A.B. asks: 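Sharing a structure here in structure tokens format.
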There are 2 protein chains.
Amino acid sequence: MSGTSDWLDEDEDRVWNAFFEMQVLFWPRMARRLQQETGLSEPDFAILSALVRAPDAQLRPFELSGVTQFEKSRLHHHLTRMVGRGLLTRERCPDSSRGAMIALTPEGRDAITEAYPRRAAHIRQLLIEPLDAGRIDALTRISEALADHLRAEDVTLDDGRPAGAEG
Amino acid sequence: MSGTSDWLDEDEDRVWNAFFEMQVLFWPRMARRLQQETGLSEPDFAILSALVRAPDAQLRPFELSGVTQFEKSRLHHHLTRMVGRGLLTRERCPDSSRGAMIALTPEGRDAITEAYPRRAAHIRQLLIEPLDAGRIDALTRISEALADHLRAEDVTLDDGRPAGAEG
DNA sequence: AGGAAGGGGTTGACACGTCATCCCCAGCAC
DNA sequence: GTGCTGGGGATGACGTGTCAACCCCTTCCT
């Protein structure tokens, strides 16, 4: 079992520091490059790429929320800004009188089309090329294992907490 | 060489998706737990823990900026709010007439002292316990390698870009 | 029919982050 | 001295994210 003291032991602290610092370095660089080369922020990119993959390039807000994991209010605010910038349109949903329908404008389609290859280049340059094939594979498996665990956590917390946590 | 097409190939896409989704799941959960259990945000925690480790529990803003990697203006705004909440004090720097000095209040010290063991528990629960020893070790090395690479990128970009990037 | 419950969407207030700009003071050239 | 430069710091405007309501429509219960 890992420690019972107030902070992490040496090995634990080392992963945590490395993991934390890697992210602090990684994400701002990805976001800055995207912003400077395409004028899109990370949430812009997430929303546009969900839409461009959808049938007819349109989705309901709650569907977008499912794909991007943005809370509905955050999503609503962000969509409002993007409509203002001419990347999207928001209209009343044609069928089922309630609800809205978000669609890509030609400008929005151009923006995401230009952004895709640049994004791919950033990913290769900052994540993939610095690692050899073995490490890429290890990172894939570790990330998938963590993601599975994190999704399971949420369910667990509703019923009661798992045994084993002290306190 | 990895691809020349507009997007990633299959293996590349798989790491990227796994890595991306893991983070999207991980960080909001860490932040929410910290916030709910201690009333501190991630930046609050970063600033308080830098201060509590400093001699006399005080630092100049530019030193804090070095530790946390926050831009000076973001840091200034955040410190202003934290002073308003009674966690910190901001005074004129005693020596060298220019500049400010940020110090922990008793409330600030209490807050970070209570937060430390909770933070450690979150890290164990969400990052460490789901992985076995081998994966912890692999994640440490991969994160350190990526962090080193990312730090080196910045320097490279000042002089000219590295050879090998197409375009 | 009347009304509770719930999903989808909207709003406004406020916390947070970024950018551009500005101020102040030390150190140095002249 | 005067003026330039640069680091440390402050400010205001604006874009972004979160929280807590709230509205509307549908569904289901009675």
Side-chain angles (χ1 to χ4, degrees), chain A residues 23-24 27-36 38-48 58-103 111 158, chain B residues 23-24 27-36 38-48 58-103:
Chain A
Q23 323 249 9
V24 166
W27 291 105
R29 279 166 178 72
M30 286 292 287
R32 283 185 67 80
R33 292 188 186 204
L34 189 66
Q35 176 84 355
Q36 290 177 345
T38 71
L40 300 176
S41 67
E42 292 284 334
D44 293 339
F45 185 88
I47 289 169
L48 292 177
Q58 51 179 26
L59 287 173
R60 301 278 301 275
F62 79 95
E63 296 172 307
L64 268 172
S65 174
V67 178
T68 60
Q69 298 284 308
F70 297 168
E71 283 170 309
K72 61 183 179 177
S73 138
R74 172 185 177 184
L75 180 62
H76 180 86
H77 284 136
H78 205 87
L79 292 175
T80 301
R81 289 176 220 124
M82 291 177 77
V83 169
R85 289 157 61 201
L87 297 168
L88 305 176
T89 58
R90 174 156 42 196
E91 290 160 20
R92 290 234 140 281
C93 185
D95 46 71
S96 86
S97 56
R98 61 166 172 205
M101 179 63 79
I102 304 298
D158 290 339
Chain B
Q23 322 251 7
V24 165
W27 291 106
R29 280 166 178 72
M30 285 292 287
R32 282 186 67 81
R33 292 187 186 204
L34 189 65
Q35 177 81 12
Q36 289 178 345
T38 71
L40 300 176
S41 67
E42 292 284 334
D44 292 339
F45 185 87
I47 289 168
L48 291 176
Q58 50 179 28
L59 287 172
R60 302 278 300 274
F62 78 95
E63 296 174 307
L64 268 172
S65 173
V67 177
T68 59
Q69 298 285 307
F70 297 167
E71 284 171 307
K72 62 184 180 177
S73 141
R74 171 185 177 185
L75 180 62
H76 180 84
H77 285 136
H78 204 87
L79 292 174
T80 301
R81 290 175 218 122
M82 291 178 76
V83 169
R85 288 157 61 201
L87 297 169
L88 307 176
T89 58
R90 175 155 44 196
E91 291 162 18
R92 292 233 138 280
C93 184
D95 47 72
S96 85
S97 54
R98 60 166 172 201
M101 180 63 80
I102 304 299

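Computed from heavy atoms alone, side chains included, the values below leave out hydrogens, waters and symmetry copies. Bear in mind that the values here come from a model prediction, so they are computed numbers and not experimental data.
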A.B. asks: To the nearest Å, how far apart are A/M101 CE and C/dG9 C1'?
C.D. replies: 14 Å
A.B. asks: Within the pair A/H76 and C/dT10, is there a side-chain N or O less than 4.0 Å away from OP1 or OP2?
C.D. replies: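 For C/dT10, OP1/OP2 do have a side-chain N/O of A/H76 under 4.0 Å.
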A.B. asks: Excluding sequence neighbours, so at least two apart, what forms side-chain hydrogen bond (donor to acceptor under 3.5 Å, both in side chains) with B/H78?
C.D. replies: B/D44, B/R81
A.B. asks: Measure the distance from CG on A/L79 to C1' on C/dG9 and round it to the nearest whole Å.
C.D. replies: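 So the two atoms are 11 Å apart, to the nearest Å.
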A.B. asks: Contact list please: residues 40-48 of chain A against DNA chain D, heavy atoms, distance less than 4.0 Å, in numerical order.
C.D. replies: A/P43
A.B. asks: When you measure from every atom of DNA chain D, which of residues 80-90 of chain A have a heavy atom less than 4.0 Å away?
C.D. replies: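 By residue number: A/R81.
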A.B. asks: Using a heavy-atom cut-off of 4.0 Å across all strands, would you classify A/H78 as base, sugar-phosphate, or nothing?
C.D. replies: sugar-phosphate
A.B. asks: With B/A103, which residues qualify under side chain to side chain contact (heavy atoms under 4.5 Å, CB included), at least two apart?
C.D. replies: B/Q58, B/T89
A.B. asks: Measure CG/A/L75 against P/D/dG17 and give the value in whole Å, please.
C.D. replies: 11 Å
A.B. asks: Taking NE2 from B/H77 and P from D/dT16, how many angstroms apart are they, rounded to a whole number?
C.D. replies: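 It is 17 Å, rounded to the nearest whole Å.
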A.B. asks: Strictly below 4.0 Å, heavy-atom distances to any atom of DNA chain D: list the hits from residues 65-74 of chain A, or just say none.
C.D. replies: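 Hits under 4.0 Å, by residue number: A/E71, A/S73, A/R74.
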A.B. asks: Could you go through residues 67-75 of chain B and list every donor-acceptor pair under 3.5 Å that involves a side-chain atom there, pairing it with any protein atom two or more places apart or in another chain?
C.D. replies:
{"unit_1": "B/T68", "atom_1": "OG1", "unit_2": "B/L64", "atom_2": "O", "d": "2.8"}
{"unit_1": "B/T68", "atom_1": "OG1", "unit_2": "B/F70", "atom_2": "N", "d": "3.3"}
{"unit_1": "B/Q69", "atom_1": "NE2", "unit_2": "B/G66", "atom_2": "O", "d": "3.4"}

A.B. asks: Check whether any side-chain heavy atom of B/L59 lies under 4.5 Å from a side-chain heavy atom of B/I102, and answer yes or no.
C.D. replies: no
A.B. asks: Indicate the atoms forming the closest heavy-atom contact of A/P61 with A/A100, along with that distance.
C.D. replies: CD-O, 3.4 Å
A.B. asks: From the set D/dT11, D/dG8, D/dC19, return the single nucleotide nearest to any side-chain atom of B/F62.
C.D. replies: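 Taking heavy atoms from C-beta onward, the closest nucleotide is D/dG8.
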A.B. asks: Let me spell it out: for each of A/R32 and B/Q35, pick the nucleotide of DNA chain C with the closest heavy atom. Which residue's pick is nearer the 5' end?
C.D. replies: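 Checking each residue's closest nucleotide, the 5'-ward one belongs to B/Q35.
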A.B. asks: Just so I know, are the side chains of B/R92 and B/M101 near enough to count as touching, which here means a heavy-atom distance under 4.5 Å?
C.D. replies: no
A.B. asks: Say you draw a straight line from CG of B/L40 to CG of B/L87; how long is it, rounded to the nearest 0.5 Å?
C.D. replies: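 Nearest 0.5 Å value for the CG-CG distance: 7.0 Å.
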A.B. asks: Among residues at least two apart in sequence or on other chains, which ones pass side-chain hydrogen bond (donor to acceptor under 3.5 Å, both in side chains) with A/T80?
C.D. replies: A/R90
A.B. asks: Suppose we screen for side-chain hydrogen bond (donor to acceptor under 3.5 Å, both in side chains). Which residues come up paired with B/E63, at least two apart in sequence or across chains?
C.D. replies: none
A.B. asks: Return the CG to CG distance between A/L88 and A/L79, rounded to the nearest 0.5 Å.
C.D. replies: 6.0 Å
